[in-house]
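Before any comments, here is the structure.
Basis for what follows: all heavy atoms, side chains included, without hydrogens, waters or symmetry-related copies. All ligand and atom numbering here is 1-based and tracks the order in the structure.
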Amino acid sequence: MTEPSQTERRDAAVAAIRAHTDRACDTALVLGTGLGGLVDAIEDPVHVPYDAIDGFPRSTAPGHAGRLVFGRLHGADVAAMQGRFHLYEGWSARDIALAIYVLKGLGARQLIITNAAGGLNADFDAGDVMLIEDHMNFTGHNPLTGINDEAIGPRFPDLLHAYDPALRKMALAAAGQAGVPLRRGIYLGIAGPSLETAAERRYFASTGGDAIGMSTVMEVIAAAHCGLPVLAFSAITNKATGGTDQQVDTIEDVLANAAISGEKIARVLAALLPQTA
Ligand code: HPA
């Protein structure tokens, strides 16, 4: 039997979700490590566990619940992925992309992504929030490798505006209204799961990367492929400069600092979503 195409997988997953709920999804959210608490503000929620969705991967990463949450958030109809999929869990780049195609298939007009990341930029502190302006894909993977599904998007999608300029402008204004200082910069994606050596961190910083993490780039490539505008924030959970003062990073520190940054991201979204709804 031949492998199902991404279109077939997407349609099966959307049908399975629609068998559970007919709730609208205008804005899709992907919640990163330690940032799942952002869903607590979703009103009148309907939960669809990933294991109820045909062909969908399962969430195995710490701090990732593994369900879709539909509901109203600051006046917007949202569907949030509480738990995302990473290369380091063994999911393929195409599995990771599938989830994004499914969100688009549910009706999403825009995608808001969050992640936990190390600060390569020496000016960044743990607990900061960075608005992602661009990325560098150092994972060695691409979710569009293989036969292209023309029904989803073009063979060679352009990534110049992968992080939607209009949404970024709105996010900066919303952060100003909310009194949340936003860093801006370039997210550098690696496959993980080991953290970088100090030498790698110094190298990655020298390439112009500002924050480093193990997610997001596959999702953003998939979103560009299917024409879904993206806004993305990094929760800076640790300093990752690789300097002589480099600390040892633990998942406990990452989760604790993600909570601090996550509270700031929540305030930005509270100011932003009423304007995009
Ligand atoms: N490196 C890679 N991924 C991460 C880091 C880091 O320092 N912090 C949180 N996610």
Compile the donor-acceptor pairs under 3.5 Å between side chains in residues 185-195 and protein atoms, sequence neighbours left out, one pair per line.
from, atom 1, to, atom 2, distance (Å)
Y187, OH, G213, O, 3.4
Y187, OH, M214, N, 3.3
Y187, OH, S215, N, 3.1
Y187, OH, S215, O, 3.2

Q) Do any pairs count as a side-chain hydrogen bond (donor to acceptor under 3.5 Å, both in side chains) and have a residue in residues 44-58, sequence neighbours left out, and if so which ones? A) none

Q. Does a side-chain N-to-carboxylate-O contact under 4.0 Å join D249 and R201?
A. yes

(Q) Taking side chain to side chain contact (heavy atoms under 4.5 Å, CB included) as the criterion, tell me which of T114, L103, I112 meets it with V30. (A) L103

Q: Select all protein residues for which some heavy-atom-to-ligand 1 distance is less than 4.0 Å, and list them by chain and number.
A: A116, A117, G118, L195, E196, R201, I212, G213, M214, T237, N238, A240

Q.
Tell me whether R18 at atom CZ has more than 12 heavy atoms from other residues, nucleotides or ligands lying less than 6.0 Å away.
A. yes

N/O donor to acceptor pairs below 3.5 angstrom from side-chain atoms of residues 131-138, sequence neighbours left out:
from, atom 1, to, atom 2, distance (Å)
H135, ND1, Y163, OH, 2.8
N137, OD1, T139, N, 3.0
N137, OD1, T139, OG1, 2.7
N137, ND2, H141, O, 2.9

